[in-house]
Amino acid sequence: MGHALNTVLQDILSRWKRMSGSNVLWLPGTDHAGIATQNVVEKQLAAEGTDRHNLGREAFIKRIWKWKTEYGGKIIHQLKRLGASCDWSRERFTLDEGLSKAVREVFVRLYEEGLIYRDNRLINWCPRCHTALSDLEVEYEELEGNLTYIKYPLTPPVPPLSKGGIEGGYITVATTRPETMLGDTAVAVHPDDNRYKNFIGKTVDLPLTKRKILIIPDNVVDPSFGTGAVKVTPSHDFNDEAIAKRHSPPLEFITVIGADGRMTANAGNRYAGMDRYECRKLVLKDLNELNLIEKKEKHKYAVGHCYRCKTITEPLSTPQWYVNVQFIARDAIRVVKEGKIKIIPKTWENTYFAWMENIKDWCISRQIWWGHRIPVWYCKEMKNEKCRIQNGTVVSRETPEECPHCGSKKLIQDEDVLDTWFSSALWPFSTLGWPDETADLKTFYPTNVLVTAFDIIFFWVARMIMMGIKFMGEVPFRDVYIHALVRDIKGQKMSKSKGNVVDPLIMMDRYGTDAFRFTLVALAAQGRDIKFSEERVEGYRHFVNKLWNAARFIMMNINPPNPPLVKGGEGGLFIKGVQGGISHSPHDLAGRWILSRLADVADDINRALEEYRFNDAANSIYQFIWHEFCDWYIEMAKSEIQPVSGGPKSEIGAMWCLLYTLDTSLRLLHPFMPFVTEEIWQKIPHPIHPSPSIMISDYPRSLPRDHRAEEDMSYIIEAVMGIRTIRGELNISPSLKINVSIKTFSKTAENILGENVQYLKILAKVDKIEMGMTVEKPEGSATAVKSSMEIYVPLKGVLNIEAEINRLEKDIAEVEESIAFLNKKLLNEEFLQKAPAEVVKKEKAKYEKLISMKERIGGSIKMLKEAEVRNEA
RNA sequence: GGGCGGAUAGCUCAGUUGGGAGAGCGCAGCCCUUACAAGGCUGAGGUCACAGGUUCAAUCCCUGUUCCGCCUACCA
């Protein structure tokens with residue numbers, strides 16, 4: 001659903017800009033999604049009872065390519081199904097030859113500048129995927145766990161205890177991960193903590209091992225948390241690693257958990273080979289038997305999970321490649337601060353800055369096979385000094401035949417591949433042909449806009465900005481539009497495990513792509529997540545239907561139905577034998593009004609799209625087509641085009657106006673609903689649309705407004721609605737034509753109404769009408785008060801007032817009886833206590849309804865009585 | 001712990017420089033009027049979370065409170 005929204009928004013922008021005359025490039029493509037893709041294929045292999053190591057690297061990669069060609073097409077199929085108007089001829093994939101070339105170029109250049117380096121330090125490791133993860137690829141989830149207080153005996157002889165200090169010769173440490181104690185190499189306390197001051201420099205006997213470890217000072221220790229003493233496990237905790245490196249001399253690193261999540265030999269014979277969590281249980285049991293557990297507390301703490309397979313990650317010390325992004329990040333911050341890149345909504349800029357300002361070096365190596373192999377080779381011989389200085393490392397754009405340092409033929413390529421995001425970061429220019437200076441690159445870089453969801457601001461957006469500045473010397477895009485996340489109706493994130501995933505393809509099957517697209521857009525308010533509701537899609541399917549019917553009505557009234565084409569000149573419509581030269585400025589009020597409204601709406605939509613207010617644009621066109629064009633204009637136009645009234649001249653004017661408004665509305669709507677608009681548009685007579693497809697017709701913009709017509713029309717609307725209200729309130733049969741008197745408050749209102757009586761007649765079913773500033777309220781009439789007029793409907797002859805009042809009074813008596821009954825029931829405590837809550841709620845709702853019904857009938861009676869026709873009767 | 005966002009009609013949500021409280025769905029009444037009953041017309045329903053403040057005027061600006069959601073972080 002997220003991708004659907006993303007695609008639709010980009011398609012709207014593309015279609016809108018294309019129709020507005022821009023040379024639009026929307027380049028489609030996919031990345032190779034290294035870890036995720038490899039996992040999928042590995043699962044397949046597991047089902048076949050084998051694994052990638054059996055298969056070997058080359059065969060495994062071949063296998064993934066096969067999978068990619070079969071299933072990668074699905075994404076493209078979905079994009080097309082959504083109507084995405086991409087340039088399919090330029091579709092790219094991150095493992096394409098061209099993009100791979102760009103990847104190697106970037107790697108080598110960064111290496112040569114000293115910005116790429118290899119280091120051995122703690123990284124987040126996924127024991128299941130068996131690879132390093134970047135900081136971003138770890139998701140933290142808060143878990144309820146135990147904080148275990150473990151007693152570490154002081155090494156005898158026990159030094160004198162300080163005042164109020166440690167009793168019993170122990171230092172107690174608190175930990176959430178007891179199994180890591182097997183790799184502890186120190187206990188840290190705050191240097192100013194009086195409880196422990198005297199023990200700094202002494203040692204404790206690390207339980208379950210034969211080691212003695214030092215008590216050291218470190219400022220990071222919070223004396224108020226736990227016992228104020230922290231066990232230090234440099235090999236399995238990022239903080240502890242920092243403490244270890246800070247300490248002089250640096251503390252020893254003892255790795256007790258291996259890459260597979262099992263305990264290593266360092267953990268001791270008793271624990272070696274055990275799963276880390278099994279080991280935790282055993283350690284706790286053993287400590288308990290030694291009476292070394294002081295207590296356990298419930299404790300909430302955040303645990304890192306692999307973002308691909310959700311396995312709990314493990315900090316692990318391994319050699320990895322890193323990009324030093326400190327300097328590039330500074331530039332990336334600057335371009336946003338200076339407004340060269342705008343992030344919309346602006347509030348995301350803060351998020352961006354916060355991350356960029358604290359950015360850490362980017363771990364780019366992954367211990368998987370699906371991806372760009374790192375272009376680094378290691379010389380196995382290192383035959384000369386030069387080679388040894390380089391540590392035998394060869395970094396090259398092309399696969400080297402021999403070691404450039406010493407000439408050895410024994411070169412072995414680094415086994416690792418690059419983080420997928422490394423290649424994605426180059427997308428804006430790698431897809432346009434970089435590092436070659438192509439025409440595409442010149443024409444389309446920098447791009448105008450990137451549309452994406454916030455969850456990849458760091459993964460993708462920030463890195464594209466950094467790489468774009470670094471290698472193109474120019475930002476990769478001007479605007480970044482961050483759209484909402486699509487959630488389920490309850491506001492929960494959609495996920496397979498929750499089972500609340502909505503499949504866009506099913507939505508499109510059920511309601512059509514246009515309705516589905518429109519729903520996503522109409523709900524896409526800036527800065528707010530979308531709670532997706534299927535009912536809403538149904539509502540917009542009705543809109544498609546409404547539009548279809550309106551178009552059908554208009555086509556039905558073209559005469560002849562298929563006007564022959566007229567070559568050259570202005571062209572023209574054939575309507576009842578009249579050809580060409582149809583006025584483009586209707587003289588009737590309704591026509592002038594709808595064209596002005598159309599102009600206003602066109603402005604509104606263009607403005608909204610310029611500011612990425614997609615939902616405003618969508619609602620604007622929806623409101624116009626349904627509630628102005630269909631509900632008002634088409635109804636009014638009927639008075640012109642139906643044979644009974646109106647002459648041929650106005651008929652043609654109305655016909656033209658209907659077609660013109662339809663055509664313009666379709667073009668306005670097209671970016672949102674590409675399919676139905678094209679379909680209808682193709683059916684409109686040719687002279688109205690000279691282009692072969694609505695996709696490349698002109699987007700409406702800067703049409704003339706007619707404020708006078710809009711103002712004048714407001715009088716008509718007020719009058720019609722006033723009369724309808726009276727009819728509705730008094731339940732006057734729709735088939736009954738009535739007489740009306742209108743007292744206007746201004747001469748203008750009087751004139752306008754006078755000139756446009758036909759609209760009142762058709763829209764409010766009025767027979768005779770009297771109006772003016774001097775009109776008196778006729779005896780026995782109902783009244784509606786509006787801002788520019790007072791409307792009177794004489795009831796004599798329309799209703800039998802007395803009978804009507806009698807009927808209503810009878811009704812009201814019944815209602816009052818029911819109210820009394822319910823009232824008694826709802827005051828009955830026994831009922832309230834015993835009845836199910838649902839029933840009580842229902843009864844209460846019923847009560848409310850009856851009350852409002854009573855008020856309503858009362859209002860009608862009052863109106864009838866005010867009509868004062870009783871006496872007359 | 002830090003930061004961001006939300007709280008408006010029964011439900012889902014708009015509300016762009018402070019002055020009219022709105023839409024869709026739902027609900028009630030009337031209507032099969034020759035484009036559309038997947039429709040038309042009419043209507044009911046809201047102290048715009050709470051408390052203060054600024055202003056002639058606050059849903060909107062400021063402060064605080066409560067309740068949700070999210071991001072982020074080295075409390076073991």
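Chain identifiers are assigned alphabetically (A, B, ...) following the order of the sequence lines, protein sequences preceding nucleic acid strands; residue numbering begins at 1 within each chain.
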Can you find a side chain N or O atom of [X] that sits less than 4.0 Å from OP1 or OP2 on [N]?
X: A:His627; N: B:G24; result: yes
X: A:Lys638; N: B:U33; result: no
X: A:Lys360; N: B:C74; result: yes
X: A:Ser224; N: B:C75; result: no
X: A:His299; N: B:A76; result: yes

Walk along nucleotides 16-22 of chain B from 5' to 3' and tag each nucleotide B, S or - by protein heavy-atom contact under 4.0 Å, base first, then sugar-phosphate. B------

Give one of base, sugar-phosphate or nothing for A:Arg536, where a contact means two heavy atoms less than 4.0 Å apart.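 Answer is base: heavy atoms of A:Arg536 come under 4.0 Å of a base.
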
5' precedence on RNA chain B between A:Met721 and A:Leu147 (nearest-nucleotide basis):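 Going by which nucleotide is closer to the 5' end, it is A:Met721.
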
Pick the closest RNA chain B nucleotide for A:Val720 and for A:Glu635 by heavy atoms, then say which residue is nearer the 5' end.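 Taking each residue's closest nucleotide, the earlier one in sequence belongs to A:Glu635.
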
The side chain of [X] lies closest to which of these nucleotides: [options]?
X: A:Trp626; options: B:A35, B:C41, B:G39; result: B:G39
X: A:Lys231; options: B:A38, B:A76, B:A35; result: B:A76
X: A:Phe454; options: B:C41, B:A35, B:C71; result: B:C71
X: A:Asn545; options: B:C71, B:A35, B:C36; result: B:C36
X: A:Val220; options: B:A35, B:A38, B:C74; result: B:C74
X: A:Ile634; options: B:A38, B:A76, B:A35; result: B:A35
X: A:Thr175; options: B:G39, B:C36, B:A76; result: B:A76
X: A:His542; options: B:A38, B:C36, B:C74; result: B:A38
X: A:Lys765; options: B:G24, B:C74, B:U33; result: B:U33
X: A:Asp631; options: B:A76, B:C41, B:C36; result: B:C41

Quickly work out the [X] [atom1] to [N] [atom2] distance and round it to whole Å.
X: A:Tyr759; N: B:C41; atom1: OH; atom2: C1'; answer: 20 Å
X: A:Tyr540; N: B:G39; atom1: OH; atom2: P; answer: 14 Å
X: A:Asn358; N: B:C71; atom1: CG; atom2: C1'; answer: 14 Å

Before we go on, tell me: are the rings of A:Trp348 and A:Tyr352 under 6.0 Å apart, centre to centre?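 Ring centroids of A:Trp348 and A:Tyr352 are no less than 6.0 Å from each other.
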
Is the gap between the ring centers of A:Tyr540 and A:Tyr622 under 6.0 Å?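 Aromatic pair counts; centres sit under 6.0 Å.
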
Polar-atom pairs under 3.5 Å, protein N or O versus N or O of nucleotides 5-9 of chain B: list them with distances, or write none.
none

Between the side chains of A:Tyr307 and A:Glu137, does any donor sit under 3.5 Å from an acceptor?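 Yes - a donor-acceptor pair under 3.5 Å links their side chains.
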
Go through the side-chain N and O atoms of A:Lys295 and A:Thr172 and say whether any donor and acceptor fall under 3.5 Å apart.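 No, no side-chain donor-acceptor pair sits under 3.5 Å.
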
Under 4.5 Å between any side-chain heavy atoms of A:Leu292 and A:Tyr170, yes or no?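 Side chain of A:Leu292 against side chain of A:Tyr170, heavy atoms only: contact under 4.5 Å found.
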
Output the distance between atom CG (A:Asn146) and atom OG1 (A:Thr175), rounded to the nearest 0.5 Å.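 Answer for the CG-OG1 pair, A:Asn146 versus A:Thr175, is 11.0 Å.
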
Give the dot-bracket string for RNA chain B, reading 5' to 3', where a pair is Watson-Crick or G-U wobble with both distances under 3.5 Å, ( ) marks pairs inside the strand, [ ] marks pairs crossing earlier ones, | marks a partner on another strand, and . marks unpaired. (((((((..((((........)))).(((((.......))))).....(((((.......))))))))))))....

